[in-house]
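As C-alpha cells, the structure follows; a few thoughts come after it.
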2 protein chains.
Amino acid sequence: MAEDRRIRKTRRALRDALVALVLERGFTALSVEDITQRADVARATFYSHFRDKDELFARVTRDLLDELDERLRPAMAETAVGFTGRPVLEMLRHARQERDLYRIVLRGEGDGKPLRMFTEACARVAAEEFRGRSERNDVKPRIDADLLARVWVGEQVSVLQWWVEHETPPLPAEEVVRMLLDFALHGRYWATGFDRPE
Amino acid sequence: MAEDRRIRKTRRALRDALVALVLERGFTALSVEDITQRADVARATFYSHFRDKDELFARVTRDLLDELDERLRPAMAETAVGFTGRPVLEMLRHARQERDLYRIVLRGEGDGKPLRMFTEACARVAAEEFRGRSERNDVKPRIDADLLARVWVGEQVSVLQWWVEHETPPLPAEEVVRMLLDFALHGRYWATGFDRPE
DNA sequence: TGCGTTACCGAACAACCTGTCTGGAAACAT
DNA sequence: ATGTTTCCAGACAGGTTGTTCGGTAACGCA
C-alpha cells in the first residue's frame, strides 16, 4: 500500500505555499485560507492533513531536520576540530539548497518554535560529538559540554542567518568554514587583527 | 504639560500583562482581550494606545533597548578585549533585572521581530566599537567588522538564553563574563580541553 | 477650590478567521 | 471494473479584530 499520489501532491503544495507566503508576509499575518488559496487546495482539505498552521510549519521543519541529519551523519566522521569542518560545510550546502525555508526558520517565524527545534537538534548532535571526543581522547573539557554546544550553535546560527539572507552568497561556503575554523582555534580576538594580549 | 498619570498607569499595566501572559502561553496564543483583562483595562482603551499586539510588544522592546543602551554607554569606556568585559557584565545585570522580558524576547516570540531588534541593536554597538578600536590603534581586522559583530552577538545571545532560562543563575554573572573572555582570547577549541593543534 | 480638558469605560458593530461537518465528485490502487 | 480514499464546495457556530459612540471619572492647572 504505497502512499497515495494525491496526498503527496497536496502536502507538497501546502508546504511550498507556506514557505513562500511566510517569506512574503510573515507567519502570523497568514490565514489558513491564504495558504490553501496559494496552494490551490480546498480549505477543508487543509484540516484533513494538519490541525492548524503551526502543525504544518512544525512538520515542514521536522522534515528539513531529518534531511539535514541524513546529510550530516556521514560527514561527521571526517570532522576537523571540535565539530567545525565537513559537517558545517554540508549544512551550508543544505542551506543553500533549501534557502527560503532556512530563512524563515532562522528568522524565528512562528514565535521561534521552529528555530528552537533547529538549534536544539544541532546542539544535541554537537554535545554528543564533544562528549565522545573527550572520552575517546581522555581529555577533561574546561567548560560544560552542553553550554559549549549552545555557544557553538549560537555562533553557527548567526553566521547562517547572515549567509542566507544575502541574495547572492557573500562568501563561498568553503571560506565560511575556514573562517569558523579560525574562530574555533584562535578565538574572536584574533579576528580583530590585534596580537593576543599578555 | 507633564504626562498624565492615567496614561502611565494603563501603559504599565498593559506592559506587565503582556510580559506575564506571553511567558505563560506564548505571543500568538494571546488575544487583545486576554491582555486587557489581565491588565484590568477596557479593550477600547488598548486601541487608543496601540494599533495592535505587535505594536505593544515592539514598544516594550524598544523601551528595554533604550534602557540597556543607557546602561551600556558609560560601561563602554572600560571594556576589556574587543568588546567583552564591563558592557557584557552590565547586560547580564540588566537581564537579571528584567528577566521575564528578556526571556520572551530571546525566545523569539512575535515571529522573532523583537529578537531581531535586540540583536541588531547589539550588533550595531559592537560593530561600531570594533571599527573605532581598529582605527584608533591602526590595526587592520582580519575579518569584516559586520560579520565579526554578528558572530559576537550570536555567541552573546545564546549564552544569555541559557543563563536567563534557568530558574536560579547557573553561574554568577562575573563567571560568565570570564568564560566569554576566555572564548574571545583562546577560541572555543581551547574550551574542549585539547591543546591547540599544530 | 473649581474648571476645562482628557483618558477611561462599556457596549455595539461589521468583517474576518477558525475549526468542524456535510454529501457528492473525482482520482486512486489493484 | 470496482471498492476505497481523497478532494471539493459550502455551510455552521464561536471567537477575534479594529472602530465608533456617549457617558463618567480622573487629571493638570490656575
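Naming convention: chains lettered A, B, ... in sequence-line order (proteins, then strands); numbering from 1 in each chain.
Note: CD (A:E3) to C1' (C:dA27) measures 15 Å, nearest angstrom. Rounding to whole angstrom units, CZ of residue B:F50 and P of C:dC8 are separated by 10 Å. One can place CZ of B:R51 at 21 Å from P of D:dT16, the figure rounded to the nearest angstrom. Atom CZ in A:R8 sits roughly 13 Å away from atom C1' in C:dA27 (whole-Å rounding).
Between the side chains of A:R116 and B:Q161, no donor-acceptor pair of N or O atoms lies under 3.5 Å.
Applying the salt bridge (charged side-chain N to carboxylate O under 4.0 Å, His left out) test to B:D40 and every residue at least two apart in sequence or in another chain returns nothing.
The distance from atom CG of B:D16 to atom CZ of B:R11, rounded to the nearest 0.5 Å, is 14.0 Å.
Within residues 33-49 of chain B, the residues that have a heavy atom under 4.0 Å from DNA chain D are, in order of number, B:R43, B:A44, B:Y47.
Under a cut-off of 6.0 angstrom, the local environment of CZ in B:R178 is sparse, with at most 12 non-hydrogen atoms contributed by other residues, nucleotides or ligands.
Using a distance-only test at 3.5 Å, with no hydrogens or angles considered, no donor-acceptor pair links the side chain of A:N137 to the main chain of A:V139.
Of the side-chain N and O atoms in A:S31, none sit less than 4.0 angstrom from OP1 or OP2 of C:dC16.
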Interface polar pairs with nucleotides 24-26 of chain D, N/O, under 3.5 angstrom:
| from | atom 1 | to | atom 2 | distance (Å) |
| --- | --- | --- | --- | --- |
| D:dA26 | N3 | B:R6 | NH1 | 3.1 |

Exercise for the section: Output, in order, the C-alpha distance, side-chain angles, deciding distance and verdict of salt bridge (charged side-chain N to carboxylate O under 4.0 Å, His left out) for A:E120 and A:K113. Expected result: CA-CA 10 Å; A:E120 268 156 36; A:K113 261 174 281 182; over 6 Å; no

